[in-house]
**Student:** 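Right, I'll just put the structure down here and ask away after.
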Amino acid sequence: MALADKWTIARVLDEIAQYIELSDPNRFKSRAFERAARAVENLNEDISDLVAAGRLYETQGIGKAIGPIIEELVATGDSRYLKDLQKQYPAGIFDLLRVPALGLKKLGILYDKLGVASLEELELAAREGKIAKLKSFGPKTQTKILEGIETARKRESQYLLTTGLEIGERLRERLAAIDEVEDAEVTGSVRRRLEIIRNVNLAIATNDSAAVQKALKKVVDKFEVIDEQTVRGWARNEMPAWFHLSTPETFGANVLRTTGSAEFVAAFEKKVRNARLTARTEHDLFKRAGIPFVEPERRESSEDLKVKRVRLVEPSDLRGTFHVHTTYSDGRNSVLQMLTSAKDRGYEYVGISDHSKVAYYAGGLTEARLDEQQAEIAEKEKEVKPLRVFRGTEADILPDGSIDYGPETLKRFDFVVASVHSQFGMPKDEMTERILKALDDPHVTFIGHLTGRKLLVRDGYSVEFDRIFDKAARRGVMIEINGNPNRLDLDWRHIRNALDRGVIFSIHPDAHSIAEMSHVISGTWVARKAGLSAQQIFNTLPVDEVEKHFAARRKLSASRSLRA
DNA sequence: GCCGTTTTCGGCCCGACTGTTTTCAGTCG
């Protein structure tokens with residue numbers, strides 16, 4: 001029984017690579033550790049079996065230095081090599097990577113020459129002008145770092161929704177275990193599925209708030225009583241959690257009020273003329289108020305009280321999905337593993353799309369590798385019948401707006417996800433023209449992650465949405481709702497506008513592993529926040545209609561290239 | 001550090017951008 005599995009080992013090797021990059025001028029040394037980490041991840045065999053059989057060193061990328069580290073991890077679950085490195089640097093030094101323009105090399109120099117290992121020390125050094133004087137640094141870098149610190153600070157109090165969901169659910173379970181707690185529910189921006197949040201809220205029903213307050217002290221590390229009904233607490237290194245207490249009889253109002261948004265709640269209370277309605281559940285509260293129930297995702301503004309209620313799309317409405325990567329490019333699971341996970345989700349169809357040729361950094365496929373990939377799909381799809389497997393690609397939209405691979409190769413695909421992966425800094429008009437030109441290519445089926453944003457890391461590139469939506473609608477090119485929790489791109493705030501202009505959406509996981517197939521769920525949050533029903537999502541269609549659509553697109557691209 | 005030799009050193013996935021440089025290193029995708 002191994003004490004470390006391949007994922008743990010890969011993480012250790014990656015961490016070692018980071019430390020080496022800090023200190024060692026030979027960049028290829030850290031690369032070697034990264035390559036070994038990827039090699040370990042891609043093993044198809046149990047790593048402890050491999051070690052036991054003495055065949056570890058047959059793996060490409062594992063040699064006489066990294067091999068023993070892996071053997072030690074398998075045997076003891078620990079690495080002395082990593083521990084020594086950790087001792088040489090203060091904990092948390094890698095947090096500084098959140099400052100844009102600061103990479104591992106610069107971080108290494110800053111620590112070496114100035115002893116800088118925290119945001120505060122970095123800011124002080126920059127303000128005193130010490131950074132500009134360092135070799136290979138200068139005044140512009142120093143200014144950039146100061147700006148970067150601002151960005152990092154602003155983001156420090158913000159968290160991804162998925163983090164809030166995890167913390168909220170954990171707290172809810174612990175609350176539910178307290179005797180005096182009748183009911184507990186995660187509310188606030190987490191319940192509204194807002195993509196960026198600042199805190200976690202929980203509504204608690206109890207007849208003994210004193211006892212619950214006492215018990216809460218054991219649930220969190222830090223604790224502050226705001227008033228009789230409200231307690232704020234913090235778990236170590238986590239965002240603040242607000243606990244809102246009420247009697248079981250008024251729990252419905254408690255849930256409504258603490259779910260928010262403030263604007264929505266105010267509109268609700270105005271509508272019922274501030275009558276003090278009591279109800280044990282939120283649904284009862286709506287009923288007593290004579291207002292049709294509003295899904296929590298749809299409670300951002302007062303307008304949400306007025307719009308016509310529709311049944312919002314749910315994950316179970318999706319009959320398949322697209323934009324799935326495999327080990328052929330930068331995915332971590334094989335073709336068969338990804339197909340199997342689609343089948344296990346009960347899908348009728350799935351579309352595989354590895355990166356295109358120019359995406360070297362992501363292992364983009366040359367035409368020769370594409371042949372191999374398609375041959376493997378043809379072989380493995382027999383094992384997952386009746387799942388229908390569509391052949392696709394995530395093709396780069398090149399800086400001039402043309403699509404990577406060119407028409408001869410693009411013809412081979414059932415669908416093409418076209419995405420921007422380079423030159424993010426293009427001016428708005430150029431970036432817009434670039435995407436508009438991509439929409440002219442008849443091979444393009446979907447536009448992937450339209451704005452390229454990475455939540456809390458970088459803003460998306462700026463584009464003129466109206467022009468892109470209009471043309472996408474005219475050309476019959478669909479726009480992806482990328483469900484990766486780090487992206488959630490397109491932003492839900494833009495979707496209603498796109499819909500009014502005739503755009504069709506499709507919810508994709510952008511999955512790089514089996515686990516990431518569940519990103520379609522976060523994708524549905526975006527769609528629900530925008531008020532979309534199943535009828536407005538392409539991949540709720542049954543497989544024969546999807547096939548029909550692709551066939552029609554192919555005919556179109558054939559006729560257009562004839563005319564050209 | 002790993003690999004693979006025209007076997008014990010030299011190359012290692014690309015390209016744009018930026019700021020620091022007189023020719024290139026670090027960062028980002």
Side-chain angles (χ1 to χ4, degrees), chain A residues 12-14 16-40 56-70 79 81-82 85 94 96-112 126 131-148 151 325 328-330 355-366 368-369 394-400 404 419-427 430-431 434 448-449 451-454 457-461 484 486-487 489 510 512:
Chain A
V12 170
L13 294 175
D14 276 326
I16 291 174
Q18 284 205 311
Y19 279 112
I20 290 174
E21 182 105 30
L22 275 185
S23 54
D24 200 311
N26 178 9
R27 60 218 299 241
F28 296 106
K29 189 169 167 182
S30 70
R31 294 275 168 77
F33 276 87
E34 282 170 11
R35 255 207 315 277
R38 301 290 81 73
V40 167
L56 179 65
Y57 295 85
E58 290 171 18
T59 312
Q60 278 285 318
I62 297 173
K64 60 185 187 328
I66 296 179
I69 294 173
I70 295 175
S79 165
Y81 192 84
L82 175 63
L85 286 167
F94 294 125
L96 287 177
L97 289 173
R98 276 190 303 208
V99 178
L102 265 194
L104 286 160
K105 279 277 176 286
K106 287 213 166 84
L107 212 56
I109 297 169
L110 287 168
Y111 180 68
D112 208 36
I131 291 177
K133 289 185 194 136
L134 290 175
K135 196 168 144 50
S136 83
F137 287 76
K140 286 201 175 167
T141 307
Q142 183 167 275
T143 312
K144 239 186 186 175
I145 286 175
L146 277 171
E147 287 165 5
T151 318
H325 296 272
Y328 273 91
S329 61
D330 59 351
H355 285 282
S356 68
K357 201 163 42 172
V358 298
Y360 299 99
Y361 56 89
L365 271 56
T366 59
R369 284 280 289 165
E394 184 184 12
D396 269 43
I397 300 175
L398 303 176
D400 70 354
D404 194 18
S419 313
V420 169
H421 287 120
S422 60
Q423 299 199 32
F424 285 19
M426 259 189 187
E430 274 179 53
M431 188 60 97
R434 178 182 183 181
H449 46 71
T451 71
R453 73 175 181 181
K454 287 258 177 82
V457 178
R458 62 157 194 255
D459 295 333
Y461 23 87
N484 183 321
N486 295 294
R487 294 184 180 271
D489 187 6
D510 197 354
H512 290 79

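In what follows, every chain begins at residue 1, and chains take the letters A, B, ... in the order their sequences are listed. Quantities reported herein were computed from a predicted structural model and do not represent experimental measurements.
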**Student:** Treating A/Arg453 as the side-chain partner and A/Asp459 as the backbone partner, does any N or O pair qualify as donor plus acceptor under 3.5 Å?
**Tutor:**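 No, because the side chain of A/Arg453 does not come within donor-acceptor range (under 3.5 Å) of the backbone of A/Asp459.
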
**Student:** Would a 4.5 Å heavy-atom cut-off, applied to side chains only, mark A/Asn486 and A/Val457 as touching?
**Tutor:**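 Heavy-atom side-chain distance check fails, nothing below 4.5 Å.
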
**Student:** Atom CE of A/Met426 and atom C1' of B/dG29: how far apart are they, to the nearest Å?
**Tutor:**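 After rounding, the gap between these two atoms is 14 Å.
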
**Student:** Distance check: side-chain N/O of A/Lys105 vs OP1/OP2 of B/dG26, anything under 4.0 Å?
**Tutor:**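 Looking at the OP1 and OP2 atoms of B/dG26, neither is under 4.0 Å from any side-chain N or O of A/Lys105.
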
**Student:** Measure from the side-chain heavy atoms of A/Phe424 and tell me the nearest of B/dG4, B/dG29, B/dT27.
**Tutor:**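 Within the option list, the nearest is B/dG29.
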
**Student:** Rounding to the closest angstrom, what is the interatomic distance between B/dT8 and B/dC13 at atom C1'?
**Tutor:**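 Taking atom C1' in both B/dT8 and B/dC13, they lie 25 Å apart.
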
**Student:** Roughly, in whole Å, what's the span from CZ in A/Arg27 to P in B/dC28?
**Tutor:**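 So the two atoms are 14 Å apart, to the nearest Å.
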
**Student:** How close or far is atom P of B/dG29 from atom CG of A/Asn486, stated in whole angstroms?
**Tutor:**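 Interatomic distance, CG of A/Asn486 to P of B/dG29: 12 Å.
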
**Student:** Are A/Gln423 and A/Glu430 close enough that some pair of their side-chain heavy atoms sits under 4.5 Å apart?
**Tutor:**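 Contact flag for A/Gln423/A/Glu430 side chains = no.
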
**Student:** Indicate yes or no: does A/Arg38 engage A/Asp330 in a salt bridge with an N to O separation below 4.0 Å.
**Tutor:**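 Salt bridge between A/Arg38 and A/Asp330, a charged N being under 4.0 Å from a carboxylate O: no.
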
**Student:** Would you mind pulling out the nucleotide paired to B/dT8, Watson-Crick or G-U wobble, both distances under 3.5 Å?
**Tutor:**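 B/dT8 is paired with nothing.
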
**Student:** A/Leu82 has an atom CG; how far is it from atom C1' of B/dG1, in whole Å?
**Tutor:**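 A/Leu82 atom CG is separated from B/dG1 atom C1' by 17 Å.
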
**Student:** Take a 6.0 Å sphere around CZ of A/Arg458 and say whether it holds more than 12 heavy atoms from other residues, nucleotides or ligands.
**Tutor:**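 Yes, CZ of A/Arg458 has more than 12 neighbouring heavy atoms, counting only those of other groups under 6.0 Å.
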
**Student:** Could you pick out which residue, A/Ile62 or A/Val99, lies toward the 5' side of DNA chain B when each is mapped onto its nearest nucleotide?
**Tutor:**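 So the residue in question is A/Ile62.
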
**Student:** Can you label the angle between the A/Tyr81 ring and the A/Phe33 ring as parallel, tilted or perpendicular, going by 30° and 60°?
**Tutor:**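 Plane angle under 30°, so parallel.
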
**Student:** Check the surroundings of atom CG in A/Asp24: do more than 12 heavy atoms from other residues, nucleotides or ligands lie under 6.0 Å from it?
**Tutor:**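 Yes, the 6.0 Å shell around CG holds more than 12 heavy atoms from other groups.
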
**Student:** Output yes when a side-chain donor or acceptor of A/Thr59 lies under 3.5 Å from a complementary backbone atom of A/Ile62, and no otherwise.
**Tutor:**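 A pair under 3.5 Å: no.
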
**Student:** Any residue in residues 63-70 of chain A with a heavy atom nearer than 4.0 angstrom to DNA chain B? Just list them by number, or reply none.
**Tutor:**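 Listed by number, they are A/Gly63, A/Lys64, A/Ala65, A/Ile66.
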
**Student:** Take atom CD of A/Glu34 and atom P of B/dG29, then tell me their distance rounded to the nearest Å.
**Tutor:**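 Distance check: A/Glu34 CD to B/dG29 P gives 15 Å.
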
**Student:** Within the 4.0 Å heavy-atom criterion, would you say A/Ile20 contacts the bases, only the backbone, or no part of the nucleic acid?
**Tutor:**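 Touches nothing.
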
**Student:** Sticking with atom P, work out how far B/dG15 lies from B/dT22, rounded to a whole angstrom.
**Tutor:**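 Nearest-Å result for B/dG15 against B/dT22 at atom P: 25 Å.
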
**Student:** Can you tell me how far C1' of B/dC2 sits from CZ of A/Arg38, to the nearest Å?
**Tutor:**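 Value for this atom pair: 16 Å.
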
**Student:** Just by protein heavy atoms under 4.0 Å, how would nucleotides 10-20 of chain B read 5' to 3' in B, S and -?
**Tutor:** --BSS-SSSSS

**Student:** Using the C1' atom in both, what is the distance from B/dG1 to B/dT6, to the nearest Å?
**Tutor:**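 Those two atoms are separated by 24 Å.
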
**Student:** What nucleic acid atoms does A/Thr366 come within less than 4.0 Å of, heavy atoms only: base, sugar-phosphate, or nothing?
**Tutor:**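 The answer is nothing, as A/Thr366 stays clear of every strand by at least 4.0 Å.
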
**Student:** Calculate the interatomic distance between A/Asp24 atom CG and B/dG1 atom P; express it in whole Å.
**Tutor:**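 Computing the A/Asp24:CG to B/dG1:P distance gives 8 Å.
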
**Student:** Less than 4.5 Å apart, side chain to side chain, heavy atoms only: is that true for A/Gln142 and A/Glu147?
**Tutor:**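 In short, these two side chains do not touch, never coming nearer than 4.5 Å.
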
**Student:** Rounded off to whole Å, could you give me the CG-to-C1' distance for the A/Leu13 and B/dC2 pair?
**Tutor:**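 Computing the A/Leu13:CG to B/dC2:C1' distance gives 13 Å.
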
**Student:** Can you tell me how far C1' in B/dT5 sits from the matching atom in B/dC12, rounded to whole Å?
**Tutor:**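 It works out to 14 Å between them.
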
**Student:** Which of parallel (below 30°), tilted (30 to 60°) and perpendicular (above 60°) describes A/His325 and A/His512?
**Tutor:**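 Parallel.
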
**Student:** Taking the C1' atom in each of B/dA25 and B/dT20, what is the distance between them to the nearest angstrom?
**Tutor:**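 My reading of the C1' atoms in B/dA25 and B/dT20 gives 9 Å.
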
**Student:** Determine the Euclidean distance between corresponding C1' atoms of B/dG26 and B/dT21; express it in Å to zero decimal places.
**Tutor:**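 Here B/dT21 and B/dG26 have their C1' atoms 13 Å from each other.
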
